[in-house]
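For clarity, every value in this text was computed on a predicted model and none was experimentally measured. So that the names make sense, note that chain A is the first sequence line, chain B the second, and so on, each numbered from 1.
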There are 2 protein chains.
Amino acid sequence: MAGGAVLPTKENHAETFARLRDAHAREVTEDYVEMIADLIVEEGEARAVSLAERFGVTPATVNNTIKRLERDGFVSSRPYRSIFLTEAGQALADKCRERHQIVYDFLIALGLDAKIAEFDAEGIEHHVSAETLEVFRKFTEARKTGD
Amino acid sequence: MAGGAVLPTKENHAETFARLRDAHAREVTEDYVEMIADLIVEEGEARAVSLAERFGVTPATVNNTIKRLERDGFVSSRPYRSIFLTEAGQALADKCRERHQIVYDFLIALGLDAKIAEFDAEGIEHHVSAETLEVFRKFTEARKTGD
DNA sequence: AAATCAATTTAGCATGGGCTAACTTTTTGC
DNA sequence: GCAAAAAGTTAGCCCATGCTAAATTGATTT
């Protein structure tokens, strides 16, 4: 069965994949600002060592990435000090947290296990359009207020 | 509101992100074998020029990628000739096509526009666990057979 | 205050996945 | 059958994202 997806025209393919590549470029940025925001809440500050531990990468990698985020205006940091979000970084973190929560809640509303919902949300959140996110949100809401 | 996601323990974070990085490493491979399979069906063969056009990249990039896929055992090709899937490549393409269709159908079942469903499916499909995929499939089925 | 330990940074490397420009091979059209 | 066009390949470049090893800085402890 599986009702035959509308085949995108050739011309659309290229655009689709270009947008996907862009999306991927933002993923690491989003994961970092989200995690930095979490750390500031949970531990009072965001240290490179904590980021390294949570992402499962080396401190050197964190350093690299933080430099990129700083270059791109999402964080500020001084040598040997902890890491701060700029306004842009905070705004992005807020957006990401909200989006993550909506995706997570949606997966839970569908009946998925918390562990799986958490993992899948982490992957899916970066690839959900505003429209789809809104549909997810409404669906969860409907389930909560009693179908 | 937004029912408070279970916070993964610190130890789980690293594993989550390691798996996400793995998932990303497979995305391009999956997109390529899927597209190669499509081209063989649609045009009788998969040429580098068609892949380049559909992905919106240069022929040189396609060449690079095909070399990697060949190294990894998913495709076979001879210089200046078209590209073939190995058994492993075909199996992966089949799996991806099915998964893509399930995600697409699910988004459609949720009421999303075909264009948006197609784009979001392309991003989401690589990040859906077997469990979530099964829930998607059942949901779509339920909607079809009349709530 | 010095020594030690933890955290951070730097240097140098690899791979993936893009690019352009130049070149070779294959296909096509006369 | 040859010339031009199309397709494919190669070389050399770039950036993102990872790594290890070594150097440096900051914090702690005696």
Distance test, side-chain N/O of A:Thr61 to OP1/OP2 of D:dC19, below 4.0 Å: yes
Contact under 4.0 Å: A:Arg47 side-chain N or O vs D:dA27 OP1/OP2: no
Verdict with reasoning, B:Asp113 to B:Ile108, per side chain to side chain contact (heavy atoms under 4.5 Å, CB included): CA-CA 7 Å; B:Asp113 183 75; B:Ile108 293 295; over 6 Å; no
Sugar-phosphate only, base, or nothing, as touched by A:Val62 at under 4.0 Å among non-hydrogen atoms: nothing
Interatomic distance, A:Glu30 CD vs D:dA16 P [rounded to whole Å]: 16 Å
Whole-Å gap separating P (C:dT8) and CD (A:Glu53): 12 Å
A:Arg19 charged N/C atom sitting above B:Phe119 aromatic ring, 6.0 Å / 45°: yes
SB check A:Glu134 A:Arg137 (cutoff 4.0 Å): yes
Nucleotide of C:dT10, D:dT25, C:dC19 approaching B:Thr58 most closely (side-chain heavy atoms): C:dC19
Gap between atoms OH and C1', on A:Tyr32 and D:dG18 respectively (whole Å): 10 Å
Distance below 4.0 Å between A:Asn63 side-chain N/O and C:dT8 OP1 or OP2: no
A:Arg99 and A:Glu30 ion-paired at < 4.0 Å: yes
Contact under 4.0 Å: A:Lys67 side-chain N or O vs C:dT10 OP1/OP2: yes
Length of the CD-P vector between B:Glu27 and C:dT15, whole Å: 21 Å
Closest to the B:Pro59 side chain, choosing from D:dG26, C:dG16, D:dT9: D:dT9
Rounded distance (Å) that lies between atom C1' of C:dG18 and atom CG of B:Asn64: 8 Å
Residue whose nearest DNA chain D nucleotide is more 5′ - A:Ala25 or A:Ala60: A:Ala25
Presence of A:Arg21 side-chain N/O under 4.0 Å of C:dG17 phosphate oxygens OP1/OP2: no
B:Arg81 side-chain N/O to C:dT27 phosphate OP1/OP2 under 4.0 Å: yes
Nearest listed nucleotide, side chain of A:Val57, among C:dT9, C:dC19, D:dG18: D:dG18
Polar side-chain atom of B:Ser50 near backbone of B:Ala46 as donor-acceptor pair, under 3.5 Å: no
Between C:dG16 (P) and B:His24 (NE2): distance, integer Å: 12 Å
Integer-rounded Å distance: D:dC15 C1' and A:Asp72 CG: 12 Å
Whichever of B:Arg71 and A:Ser50 has its nearest DNA chain C nucleotide further upstream toward 5': A:Ser50
Separation of D:dA7 C1' from B:Ile83 CD1 (nearest whole Å): 11 Å
